[in-house]
2 protein chains.
Amino acid sequence: MKKTVLIFGLLILAVFALFRLSTYYYTRTDIRAELVIASVALVFFLIGIYLNKRSMQRKVKVSGGIDRQKIGELGLSNREYEVLVEITKGLSNKEIGEKLFVSESTVKTHVSNVLLKLQARRRTQAIQIAKELQII
Amino acid sequence: MKKTVLIFGLLILAVFALFRLSTYYYTRTDIRAELVIASVALVFFLIGIYLNKRSMQRKVKVSGGIDRQKIGELGLSNREYEVLVEITKGLSNKEIGEKLFVSESTVKTHVSNVLLKLQARRRTQAIQIAKELQII
DNA sequence: AGCTTTTTGGTACTTAGGTATGAGGATGGG
DNA sequence: CCCATCCTCATACCTAAGTACCAAAAAGCT
């Protein structure tokens with residue numbers, strides 16, 4: 001957040017400096033006015049692209065981020081969430097057990113709890129719901 | 001594609017007109033030069049944002065589009081693909097049957113074929129693979 | 001018309017997924 | 001220390017998913 005403020009402050013300063021500079025060139029020198037206007041136009045064009053790209057990137061990050069708060073609201077425990085993640089990768093209960101070093105029974109228990117908390121009837125539905133809630 | 005060319009052509013014309021207009025005001029009238037420069041800056045700033053937004057949207061569309069060609073390469077038939085889509089929505093075989101007005105047996109056959117063609121062992125894995133291949 | 005692919009559906013069987021219930025060990029807060 | 005929560009695992013049971021094999025109607029193509 002501090003970085004954002006800093007960048008924007010510097011940007012505004014630079015814009016102001018450019019503005020002063022252009023009027024200076026316009027009044028005090030004999031450089032052609034078209035050149036001044038054209039360069040100002042170019043610089044602001046680039047600034048527009050830059051700012052827009054920044055805001056777009058932020059949007060992508062937000063939409064691609066996972067909502068950790070919602071995981072808490074749903075009452076999903078650590079282990080349950082881990083199991084959910086493996087489910088979305090398409091693993092079977094057995095494979096999940098091997099990956100997390102627990103028995104298949106344990107995985108089944110976790111899966112059952114996950115389905116309950118996500119209000120899903122099948123693991124495929126859990127995948128869909130988890131995606132909608134942006135917790136994966 | 002024609003629309004894009006048209007828009008860009010109009011844009012370039014508008015920019016050129018603006019440029020001529022600004023130099024005209026600058027040389028022939030007594031409007032303050034700062035105003036001219038500032039408005040040119042503003043316009044080009046907005047143009048920068050607009051163009052950037054357009055290109056971004058195109059990117060999003062490309063990344064969000066589904067690869068129909070790949071569906072053909074995989075040998076997935078119409079019905080099989082429809083079933084795959086319903087699988088990714090989290091429906092059971094029975095529900096898919098009701099939605100597509102066929103028996104559960106038929107759905108099972110289609111699912112089996114889909115798994116074979118996607119080289120998946122489970123429907124959850126099929127979801128994952130289909131996503132990677134950008135088929136859904 | 002003859003051929004291929006698709007779509008449909010069935011039976012029989014195996015495996016995976018999911019539920020219910022209980023229970024013991026680990027952890028952390030009051 | 002006690003209680004709640006989490007994690008672990010097991011048994012028993014039922015349902016859904018998936019496989020194998022077959023078969024017939026429908027659609028497309030040459």
Side-chain angles (χ1 to χ4, degrees), chain A residues 66-133 135-136, chain B residues 66-133 135-136:
Chain A
I66 62 174
D67 194 341
R68 297 184 190 282
Q69 198 189 336
K70 191 153 277 169
I71 297 174
E73 288 172 12
L74 290 166
L76 281 177
S77 73
N78 271 7
R79 215 53 168 163
E80 284 161 0
Y81 179 70
E82 282 183 284
V83 169
L84 173 60
V85 170
E86 300 305 326
I87 287 175
T88 65
K89 290 180 184 169
L91 301 188
S92 68
N93 289 338
K94 199 175 182 179
E95 288 168 335
I96 295 173
E98 285 164 6
K99 195 164 182 181
L100 301 183
F101 304 109
V102 293
S103 79
E104 194 187 340
S105 298
T106 307
V107 177
K108 279 190 177 185
T109 311
H110 288 320
V111 170
S112 217
N113 289 330
V114 168
L115 295 183
L116 203 74
K117 291 173 182 176
L118 290 188
Q119 299 183 65
R121 285 197 225 93
R122 286 165 291 285
R123 48 171 57 210
T124 48
Q125 203 179 1
I127 295 175
Q128 176 66 15
I129 292 173
K131 235 169 263 165
E132 272 176 17
L133 297 176
I135 57 181
I136 48 162
Chain B
I66 61 174
D67 193 342
R68 296 183 190 283
Q69 197 189 336
K70 191 152 278 169
I71 297 173
E73 289 172 11
L74 290 166
L76 281 176
S77 74
N78 270 10
R79 217 50 169 162
E80 283 161 1
Y81 179 70
E82 281 184 284
V83 169
L84 174 60
V85 170
E86 301 305 326
I87 287 177
T88 67
K89 289 180 184 169
L91 301 188
S92 69
N93 290 336
K94 198 174 182 179
E95 288 168 336
I96 295 173
E98 285 164 5
K99 195 163 182 182
L100 300 184
F101 304 109
V102 294
S103 79
E104 194 187 340
S105 297
T106 308
V107 177
K108 280 189 176 186
T109 312
H110 288 319
V111 170
S112 220
N113 289 332
V114 169
L115 296 184
L116 203 73
K117 289 174 182 176
L118 291 189
Q119 300 183 63
R121 286 197 223 94
R122 286 165 291 284
R123 46 170 58 208
T124 49
Q125 204 180 0
I127 295 175
Q128 175 66 15
I129 292 173
K131 233 168 265 164
E132 272 175 19
L133 296 177
I135 285 179
I136 48 163

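Order of the sequence lines sets the chain letters (A, B, ...), proteins ahead of strands, with each chain counted from 1.
- The phosphate of C:dG18 (OP1 or OP2) has a side-chain N or O of A:Arg123 nearer than 4.0 angstrom.
- Shown here is B:Gln69, whose CD atom has no more than 12 heavy atoms of other residues, nucleotides or ligands within 6.0 Å.
- Taking 4.5 Å as the limit, every side-chain heavy atom of A:Leu133 sits out of range of all side-chain heavy atoms of A:Asp67.
- Contacts of B:Thr106 with the nucleic acid, taken as non-hydrogen atoms under 4.0 Å apart, include base atoms.
- Each of C:dG18, C:dT7, D:dC9 was ranked by its minimum atom distance to the side chain of B:His110; first place goes to C:dT7.
- Atom OH in B:Tyr81 sits roughly 23 Å away from atom P in C:dT5 (whole-Å rounding).
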Could you go through A:Glu95 and B:Arg122, starting from their C-alpha distance and side-chain angles, then the distance that decides it, and tell me whether this counts as salt bridge (charged side-chain N to carboxylate O under 4.0 Å, His left out)?
CA-CA 12 Å; A:Glu95 288 168 335; B:Arg122 286 165 291 284; 2.8 Å; yes
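- The distance from atom CD1 of B:Ile127 to atom P of D:dA17 is 11 Å, rounded to the nearest whole Å.
- B:Ser112 has a side-chain polar atom (N or O) that falls below the 4.0 Å cut-off from OP1 or OP2 of D:dT19.
- Of the candidates D:dT8, D:dA16, C:dG9, the closest approach to any side-chain atom of A:Arg122 belongs to D:dA16.
- In this entry the distance linking CD of A:Glu104 with P of D:dT11 reads 13 Å, nearest Å.
- For B:Asn78, the listed nucleotide lying nearest its side chain is C:dT7; candidates were C:dT7, C:dA16, C:dG18.
- For the atom pair CZ (B:Arg68) and CD1 (B:Ile135), the distance works out to 11.5 Å, reported to the nearest 0.5 Å.
- With C:dG9, D:dC9, D:dG18 as the candidates, the nucleotide lying closest to the side chain of A:Thr109 is D:dC9.
- Backbone-only engagement by B:Ser103 is indicated by non-hydrogen atom pairs under 4.0 Å involving sugar-phosphate atoms exclusively.
- Minimum atom distance to the side chain of A:Val111 is reached by C:dG18, of the listed D:dG18, C:dG18, D:dT8.
- For the pair B:Leu74 and B:Leu118, the minimum side-chain heavy-atom distance is below 4.5 Å.
- Helix bend of the helix from C:dA1-D:dT30 to C:dG30-D:dC1: the angle between its two end axes, each built from five pairs, comes to 60° after rounding to 10°.
- Residue B:Asn113 contributes atom CG, which lies 12 Å from atom C1' of C:dT8 at whole-angstrom precision.
- Contact annotation: the side chain of A:Leu100 approaches that of A:Val83 to within less than 4.5 Å [non-hydrogen atoms, C-beta and beyond].
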Margin query: Show, in sequence, the C-alpha distance, side-chain angles and deciding distance for B:Lys70 and B:Glu73, and conclude whether the salt bridge (charged side-chain N to carboxylate O under 4.0 Å, His left out) test is met.
Written below: CA-CA 5 Å; B:Lys70 191 152 278 169; B:Glu73 289 172 11; 5.4 Å; no
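- For A:Ser77, counting side-chain heavy atoms from C-beta on, the closest listed nucleotide (C:dT8, D:dC6, D:dA17) is D:dC6.
- Taking atom CD1 of A:Ile96 as the reference point, atom C1' of C:dG18 lies 13 Å away to the nearest angstrom.
- In terms of position on DNA chain C, the residue among B:Lys108 and B:Glu80 whose nearest nucleotide sits closer to the 5' end is B:Glu80.
- Separating the CD atom of A:Gln125 from the C1' atom of D:dA17 is a distance of 16 Å, rounded to the nearest angstrom.
- Phosphate contact (OP1/OP2 of C:dT8, side-chain N/O of B:Arg79, threshold under 4.0 Å): present.
- Of the two residues contacting DNA chain C, namely B:Thr124 and B:Ser105, the nearest-nucleotide position lying further toward the 5' end is that of B:Ser105.
- Closest approach to the A:Ser92 side chain among C:dG10, C:dG17, C:dG18 is made by C:dG17 (side chain taken as heavy atoms from C-beta onward).
- Of the N and O atoms on the side chains of B:Thr109 and B:Thr106, not one donor lies less than 3.5 Å from an acceptor on the other residue.
- Separating the CG atom of A:Leu115 from the P atom of D:dC14 is a distance of 20 Å, rounded to the nearest angstrom.
- The distance from atom CG of A:Asn93 to atom P of C:dG18 is 6 Å, rounded to the nearest whole Å.
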